[in-house]
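Atom set for the values below is all heavy atoms of this structure, side chains included, hydrogens, waters and symmetry mates excluded. Computed from a prediction, not measured in an experiment: that's the story for all the values here.
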Amino acid sequence: MIRLGTTWGTIGGVFGVSLGVTVLVVVLFSLGVTAWARAGGGTPRHGARRGRPDTVAAAAAVVCFAACLAIAAYGIELIIPG
């Protein structure tokens, strides 16, 4: 027998997961912007050589942005199977 009623537990679960993923993407993007700014936005400061902290911050920013892109691509893949 097929139940045609609303399963509120499932709707609540979908809401919880979507809220969690949204918060995760916002936090990752914010961390990426912060790391990118700390790295100098990709340009050396006043002709100085890039130091290790600048390189680490730039790498952290790239990782954060890549994670945001991967999550977005996975969401699109879920919506549009291909």
Legend entry - Any side-chain heavy-atom pair of Val33 and Phe65 under 4.5 Å: yes
Inset, instruction - Under 4.5 Å between side-chain heavy atoms, chaining through other members, with only Ile, Leu, Val, Met, Phe, Trp and Tyr counted: pull out the rest of the cluster around Val27, sorted by chain and number. - result: Val23, Leu31
Legend entry - Beyond-backbone contact of Leu28 with Val63, side-chain heavy atoms, under 4.5 angstrom: no
Inset, instruction - Could you grab the distance from atom CD1 of Ile71 to atom CZ of Phe29, nearest 0.5 Å is fine? - result: 12.5 Å
Inset, instruction - Taking all heavy atoms of Ala57 and all of Ala39, pick out the closest pair and write down the distance. - result: CB-CB, 3.8 Å
Legend entry - Shared hydrophobic cluster, Val17 / Leu78 (ILVMFWY, side-chain heavy atoms < 4.5 Å): no
Legend entry - Pairs involving residues 6-25, ordered by first then second residue, that meet ring-ring contact (aromatic ring centres under 6.0 Å, His included) (sequence neighbours left out): none
